[in-house]
Amino acid sequence: KEWLGYACESANSLLNLLNQVLELSNSGNCPKAFETFNIANLINELTGLFTSTIKFKKLGLNVHCPSVDIYSDKIRVHRILLSLLSNAVK
């Protein structure tokens, strides 16, 4: 089960990366798409992608983020946080 979870996490990360590459190739540049979103929800979503890996590697992850709406480019914030979490779990 843990290996399946690890494979799903990796597949989701790869899918996100491919979607971002397609977005850039279709637009020819990197447009900013500002919107209001809840940062805690995004962080919880992203940390959920690494749950199996964290358990498999016997790591710990504590997240304390207030439920705050922010106005930013959600795609860029997503990329940054995903990269930080990915590097932390490595």
Side-chain angles (χ1 to χ4, degrees):
K1 272 187 167 180
E2 288 190 41
W3 282 105
L4 182 58
Y6 182 72
C8 286
E9 288 172 18
S10 297
N12 283 333
S13 293
L14 182 58
L15 179 61
N16 285 332
L17 179 62
L18 289 173
N19 284 334
Q20 292 168 9
V21 169
L22 284 172
E23 175 188 320
L24 288 173
S25 66
N26 288 336
S27 67
N29 59 17
C30 196
K32 293 181 176 94
F34 287 89
E35 61 184 289
T36 301
F37 61 95
N38 187 286
I39 190 68
N41 291 343
L42 180 61
I43 289 172
N44 288 331
E45 174 189 326
L46 291 172
T47 55
L49 294 174
F50 294 94
T51 302
S52 295
T53 305
I54 290 168
K55 286 181 183 178
F56 178 74
K57 292 185 173 187
K58 297 179 182 173
L59 301 173
L61 176 66
N62 294 316
V63 178
H64 303 285
C65 181
S67 182
V68 177
D69 289 336
I70 64 170
Y71 182 73
S72 185
D73 186 332
K74 187 176 181 180
I75 293 171
R76 283 192 169 92
V77 173
H78 181 278
R79 287 181 196 162
I80 292 166
L81 293 174
L82 183 64
S83 177
L84 289 171
L85 284 167
S86 178
N87 289 336
V89 172
K90 287 180 185 177

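Only this structure's heavy atoms are used, side chains among them; waters, hydrogens and symmetry mates stay out. No experiment lies behind these values; they were computed from the predicted model shown.
In terms of the side chain to side chain donor-acceptor pair (under 3.5 Å) criterion, residue partners of S67 (sequence neighbours excluded) are, by chain and number, N38. Not counting sequence neighbours, the partners of V68 by the side chain to side chain contact (heavy atoms under 4.5 Å, CB included) test are I39, P66, I70.
Put simply, the side chain of L59 does not reach to within 4.5 Å of the side chain of F50, judged on heavy atoms.
Closest of all the heavy-atom pairs between V77 and S72 is CG2-OG, 3.5 Å. Between C65 and I43, the closest heavy-atom pair is SG-CD1, 3.6 Å.
A donor-acceptor pair is defined here as one N or O able to donate and one able to accept, closer than 3.5 Å; such a pair exists between the side chain of K57 and the backbone of V89. Without hydrogens or angle criteria, T51 side chain to G48 main chain gives a donor-acceptor distance under 3.5 Å. Remark: side-chain polar atoms of S86 are not paired, donor with acceptor, to backbone N or O of L82 under 3.5 angstrom.
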- Could you give me the CA-CA distance, side-chain angles and deciding distance for L84 and I80, then say whether side chain to side chain contact (heavy atoms under 4.5 Å, CB included) is met? CA-CA 6 Å; L84 289 171; I80 292 166; 4.0 Å; yes
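Atom CG in L49 sits 8.5 Å away from atom CG in L85 (nearest 0.5 Å). To the nearest 0.5 angstrom, L46 atom CG is 4.5 Å from H78 atom NE2.
For residues 57-77, the ring pair (Phe, Tyr, Trp, His ring centres under 6.0 Å) pairs, not counting sequence neighbours, are F34-Y71.
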